[in-house]
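Throughout, protein chains are lettered first and strands after them, A, B, ... in sequence-line order, and every chain is numbered starting at 1.
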Amino acid sequence: MEIFDQKLSVIRRKGILTVPKYNPAEIEPRWQRFWAENKTFKTPEEATGEKLYVLDMFPYPSGDGLHVGHPEGYTATDIVARQARMEGKSVLHPIGFDAFGLPAEEHAIKTNTPPRVSTERNIKNFVRQLKMLGFSYDWDREISTTDVAYFKWTQWIFLVLYDTWFDHEQQKGRPIAELPIPEDVRAEGETVVRTYQDEFRLAYQSNALVNWCPALGTVLANEEVSDGLSQIGGHPVQRMPLRQWMLRITSYADRLEKDLDSVDWSDGIKKLQRDWIGRSTGAEVDFFVGSEDDMSDWKAVRGQTGFPRKPSSEVLRIYTTRPDTLFGATYMVISPEHELVQSLTTTARKAATEAYCEAAAIKSDRDRQDEKRTKTGVFTGSFAINPINGKQIPIWIADYVLASYGTGAIMAVPAHDGRDFEFAKMYQLEITPVIKPPAKADVDVEAVLAGKKCFLGNGNGINSNQYDGLETQEFKTRIIADLEQSGVGRAAVNYKLRDWLFSRQRFWGEPFPILHEIDGHGIKTGMMRAVEVTELPIDLPYIEDFKPHGRPEPPLEKADDDWLYPVIDGVKYKRETNTMPQWAGSCWYYLRFIDPHNDQAFVDPGLEKQWMPVDLYIGGAEHAVLHLLYARFWHKVLYDRGYVHTTEPFQKLVNQGMILGDVEFTGYRNTDEKWVSADQVSEDENKKFVLEADNSLVHLVKLDPEQAEKRDDGFVLKSDPSIRIDSRAYKMSKSRGNVVNPDEIVADYGADSLRLYEMFMGPLEQAKPWSMAGVNGVRNFLDRVWRMVVDEKNEEFAVNPAITDDEPSDAQLRMLHKTIKAVTDDTHSLDFNTAIARMMEFVNYFTKEAKRPRELMSQFILLLSPFAPHIAEEIWKLLGGADTLAHESWPKYDEALTVDSNVEIPIQILGKVRSKIMVPRGLSKDDLEAAAMANEKIVQQLVGKHVSKVIVVPDRLVNIVAN
RNA sequence: GCCGGAGUGGCGGAAUUGGCAGACGCGCAUGAUUCAGGUUCAUGUGCCCGCAAGGGCGUGGAGGUUCAAAUCCUCUCUCCGGCACCA
């Protein structure tokens, strides 16, 4: 507030408030009202001509309001949208709110208000702030995922998922009615057929191990857990078996990976998604568990029947990416949760394995990792037979094998797998090398061959009978073919991606449109049915107490019987009481924006064709995997079922970089309050700062920039240059107290300054530190723009006397056309920082000109308008423009006027600039060389030297090689 | 540990993709205007030597390719972000 207040108070004191100084506090709300009243940014009904769908990742309306990170992406899209409208494109630029989910509910619990009330209040505040920043959204299309009219269609899409199975042959989702039913299943009757169908649906229930978070009172998706802690709140998460809704995203893993090729996203984000999907190829192999005598019988049968779809009870099935190391498998490991744990454990080993598995079950993921990965395990007492060489090998249980990946069991090849190697060392298990490292590999080949070192790379087979000498790739192909031939193995693909755990035990989410059949005693029969589409939406019931309670029954269990037990055709059902996770609403909101008020369909097919795909999608990188993967999955299902016409929803994706707090200087003092050099301080495990030398505690002291001084490659204390200090920008956080509030910036400098500053800070995708001085800098620029056109000395709001209707000079015209070209190109390529720099150069030039042609000023104002729309509208009107400039044509430039007629050419001798000459643009190579060689300074410099070569690049430089 | 991204003045950052390093902004300095200034205007501002003309050095570090390297290659250091026993 200070700066602005001071300026105003000075003006007020002098009683000359009428003086037309640039005053955003007055201008900006006025224009915002104008745009709202005139619906200036209404989306055209039909997308005629070229269309552009520019989308922001819609915000989660937290109680804290916008932080300065939001307007960064929003300003970028707003500039693109405003420019595109002026270029005559049909623009769809909407906004909405992602308002379901945990944080809203946590907040509701804390403040003891129903989530709908606090959510609506928060949205109101967000809308106020967004409007205050002058974004050109079509407010008629505002949506919230919590609106009943919206989540009706979220529920409808869930029913589409429920009604779809994935046909792996066609790689396509199809209606469940088209699922082929095997004769034997059909023969068993209706109930069995329905159960069979339920096994194939994209939305299904499963009793899998889930991430249960007692503190949040809900299960969480794998993606929402990191380091064994919930991403929201950082609470510990346990694994426990619970019946949950899952979405079969793994069926789409291949397409989710392949289709990344077709979208315009950064390589970094694509890689993040690919890694998350984590596709790997290898083989599944069955190891016979039994006596060596029965082994040959088993092999004979397998040779006949081939490899069965599901493993029979006498085998242990494993997955490996290295079937070429099969001869090196010296033991096997199953996870503690593996279904064969009991049957494989011998009586003698029972106590030991039970103790181990129990311990593993109680351990949270967090605890498992805390043990610094020292491998533990226990022998089952059983042996399996390696199908390739008939060798008996022991079967172990260890928690370094995950139940949820592959088959939950592995063949251990300690010679060529780091984890197996470590485990084998620990328990003195056999190590048999089967790969000879290539000569160029950077390893101790002798040690590898002696089983003393582990080698992970490719090489040539050894100790592998008929495969000896084969190179890894060749080896894999051959052995997989042979395994398939003999029916003991087959090629297989695996993904790190797991099916998506889709239900939550919370109140504030979309209810599932699913009914469970119950018998006369109120017990679920296991049969369920979808709510009829005509019965949608299923609204949340009113519940007095919606708080979670640390037990897995959802809060909706406490709903009234009316809601909980509907009766249809005389049959009593119980509603599903889990709710959907926050991601549900954000999986398809971009489609709803196209047709937000349609109550007949989630989107009109004709409109969908006109507007999809999203041409530009901007948001934070924190959504690089979760939201984007989920939304792409839903979109593909909708595509398969014919509801949308593109395979991918978001054509171009840009992630804005994080805005960090202002740069801070920090020094350290020891317990005696003596300064300690920062390079001797480090953080210990408890995040405490200690002196490296003796681990004694030191504390952090925030320093004023005045106390710091640059020395070599860092900063030191001015008062004692032997003390080094840290200088860094930190992530904004309440605890650090470096959060910048957009409301305050708008009050102090104006919305246009905030917009302009955030775009001027640096490249959009880069992390950048905030600087108040920088905001002041762009405000100065807008002040200069104002004075360039407005007469500040006049008491009326009038144009500056320098504004003329005279013809512009050649130099002025070139300045304008250069600026138009640069701003146009830079804006298209999202290089907003350099676009603004070019506009600053324009203003620097014209404020020095005594005559400023009106037409040139108008053209410039149009260029400025997407960046700083309020001041631009105001000046546009003063210059005689009508109504609003929002739909004026974007300025065009004459290519011939974007270059100067003369160019300055540096002349180098051995790469060092020795002179410069002015020559006409386009001067020929020979003429340029002659001009350079004739230059006085060059002639002097070349005295006594021999010119061996002259490099001439027309319009650029001359380099003389002389010595 | 693995995978990404980045290192350029006191600071944020530019650099037509191999062609004058430091555009633009902040900061700082000097001067003018002003009762006053976090006003406005003008000039200067990478570092070192020099009164100057001029010269030398300079894009994290070391080497290389080239007439020419912030940009390409090899090695290396630092910082930021993500993933983390996925067989």
Side-chain angles (χ1 to χ4, degrees), chain A residues 2-3 6-7 10 226-227 266-269 271-272 275-276 278-280 282 318-322 325 333 368-369 373 375 398-402 404-413 416-420 422-423 494-498 621-622 624-625 657-658 660 662-663 705 708-710 713 715 727-729 731 757 760-763 765-778 780-781 783-784 787 792 825 831 833-841 844 847-848 904-913 916 948-953 955-962:
Chain A
E2 303 134 62
I3 293 179
Q6 271 179 20
K7 280 183 185 168
V10 169
S226 59
D227 265 355
S266 75
D267 290 342
I269 298 292
K271 191 163 181 341
L272 272 177
D275 287 353
W276 195 267
R279 185 178 199 270
S280 77
I318 60 95
Y319 170 74
T320 177
T321 57
R322 292 296 298 268
T325 60
V333 185
R368 282 199 193 182
Q369 282 169 14
R373 287 196 204 150
K375 305 244 175 322
D399 65 3
Y400 81 91
V401 172
L402 306 176
S404 50
Y405 184 77
T407 61
I410 61 157
M411 63 172 198
V413 185
H416 305 290
D417 181 285
R419 297 149 302 181
D420 298 344
E422 195 192 319
F423 192 80
N494 255 296
Y495 304 93
K496 289 189 198 175
L497 183 71
R498 307 291 149 81
E622 68 273 21
V625 276
M658 202 189 317
L660 307 168
D662 224 325
V663 174
E709 193 174 54
K710 179 82 181 175
D713 56 346
F715 283 85
S727 126
R728 234 197 95 179
K731 211 164 149 172
Y757 173 62
F760 187 60
M761 290 172 89
E765 299 194 63
Q766 193 174 301
K768 311 161 272 271
W770 184 269
S771 149
M772 280 302 173
V775 186
N776 204 40
V778 293
N780 284 343
F781 164 66
D783 280 327
R784 280 205 312 283
R787 286 195 300 270
E792 279 203 309
D825 293 350
D831 295 316
N833 54 333
T834 49
I836 294 166
R838 298 306 291 264
M839 289 192 276
M840 287 173 167
E841 287 183 71
N844 290 345
T847 45
K848 291 194 180 85
E904 190 184 48
I905 303 289
I907 306 168
Q908 302 178 333
I909 294 174
L910 283 173
K912 297 205 159 128
V913 181
K916 290 182 182 184
S948 54
K949 199 172 170 186
V950 181
I951 314 288
V952 183
V953 185
D955 290 344
R956 190 122 293 165
L957 60 38
V958 177
N959 190 7
I960 301 162
V961 187

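If you measure from atom CZ of Arg498(A) to atom C1' of A84(B), you get 13 Å, rounded to the nearest angstrom. Going from atom CE of Met840(A) over to atom P of A14(B) covers 14 Å, rounded to whole Å. The distance from atom CZ of Phe715(A) to atom P of G10(B) is 8 Å, rounded to the nearest whole Å. One atom, CG of Asp275(A), and another, P of G82(B), lie 15 Å apart when rounded to the nearest Å. If you take CE of Met761(A) and P of C26(B), they are 15 Å apart, rounded to a whole angstrom. What separates OH of Tyr405(A) from C1' of A84(B) is a distance of 14 Å, to the nearest Å. A straight line from NZ of Lys496(A) to C1' of C85(B) spans 10 Å, rounded to a whole angstrom. One interatomic measurement links the two molecules: NZ of Lys949(A) to C1' of G19(B), which rounds to 14 Å at whole-angstrom precision.
Listed candidates were G4(B), A87(B), A14(B). Nearest to the side chain of Lys271(A) is G4(B). Minimum atom distance to the side chain of Leu957(A) is reached by G19(B), of the listed G19(B), G25(B), C26(B). The side chain of Ala773(A) has C26(B) as its nearest neighbour among C26(B), C20(B), C85(B). Closest contact between the side chain of Asn833(A) and the listed nucleotides A14(B), G12(B), A87(B) involves A14(B). Taking only side-chain atoms of Asp399(A), from C-beta outward, the nucleotide of C85(B), C80(B), C41(B) with the closest atom is C85(B). Each of C3(B), G19(B), G12(B) was ranked by its minimum atom distance to the side chain of Val953(A); first place goes to G19(B). Listed nucleotides G25(B), A87(B), G19(B) differ in distance to Asn959(A); the shortest reach to its side chain belongs to G19(B). Considering only the side chain of Thr321(A), A87(B) comes nearest among A87(B), U40(B), C20(B).
Residue Asn844(A) is classed as a sugar-phosphate contact, given heavy-atom separations below 4.0 Å to backbone atoms only. Residue-level contact check: Ala621(A) touches neither bases nor backbone, having no heavy atom under 4.0 Å from any strand. Residue contacts for Leu272(A): at a heavy-atom cut-off of 4.0 Å it reaches the sugar-phosphate backbone alone, with no base atom in range. Across all strands shown, Arg838(A) has no heavy atoms under 4.0 Å from either base or sugar-phosphate atoms. Residue-level contact check: Ser280(A) touches the backbone only, with heavy atoms under 4.0 Å from sugar-phosphate atoms and none from bases. Looking at heavy-atom distances under 4.0 Å, Ser771(A) makes no contact with the nucleic acid at all. Looking at heavy-atom distances under 4.0 Å, Gly777(A) makes contact with sugar-phosphate atoms alone, never a base.
The distance from atom CD of Glu765(A) to atom OG of Ser266(A), rounded to the nearest 0.5 Å, is 6.0 Å.
A salt bridge between Asp783(A) and Arg787(A) is absent, with no side-chain N of the basic residue lying under 4.0 Å from a carboxylate O of the acidic one.
In terms of phosphate contacts, Gln766(A) brings a side-chain nitrogen or oxygen within less than 4.0 Å of OP1 or OP2 of G13(B). Residue Arg784(A) places at least one side-chain N or O under 4.0 Å from the OP1 or OP2 atom of G25(B). Under 4.0 angstrom from either OP1 or OP2 of G25(B) there lies no side-chain N or O belonging to Asn780(A). An OP1 or OP2 oxygen of G58(B) is reached within less than 4.0 angstrom by no side-chain nitrogen or oxygen of Lys912(A). Within the structure, every side-chain polar atom (N or O) of Thr834(A) is placed at least 4.0 Å from both OP1 and OP2 of C24(B). Proximity of Arg787(A) to the phosphate of C41(B): a side-chain N or O atom is located under 4.0 Å from OP1 or OP2.
Only the C1' atoms considered, U66(B) is 29 Å distant from C48(B), to the nearest whole Å. For the P atoms, the distance linking C73(B) with G5(B) amounts to 13 Å, nearest Å. Taking atom P on both G25(B) and G7(B), the two are 23 Å apart, rounded to the nearest angstrom. Taking atom C1' on both C24(B) and A15(B), the two are 12 Å apart, rounded to the nearest angstrom.
Between Gln908(A) and Leu497(A), the one whose closest nucleotide on RNA chain B sits nearer the 5' end is Gln908(A). With RNA chain B read from its 5' end, the first of the two nearest nucleotides for Lys916(A) and Phe760(A) is the one closest to Lys916(A).
Counting only distance, with no hydrogens or angles, the side chain of Asp417(A) and the backbone of Asp420(A) share a donor-acceptor pair below 3.5 Å. With Tyr757(A) contributing its side chain and Met772(A) its backbone, the two residues share no donor-acceptor pair below 3.5 Å. Although no hydrogens or angles enter the test, the distance criterion places a donor-acceptor pair under 3.5 Å between the side chain of Lys768(A) and the main chain of Pro763(A).
The nucleotide C41(B) finds its pairing partner in G31(B), both defining distances of the Watson-Crick or G-U wobble pair being shorter than 3.5 Å.
In this structure, G27(B) shows a glycosidic angle more than 90 degrees from zero, which is the anti conformation. Base orientation of U17(B): syn (glycosidic angle within 90° of 0).
Scanning atom types as modelled, one donor and one acceptor separated by under 3.5 angstrom connect the side chain of Arg956(A) and the base of U16(B).
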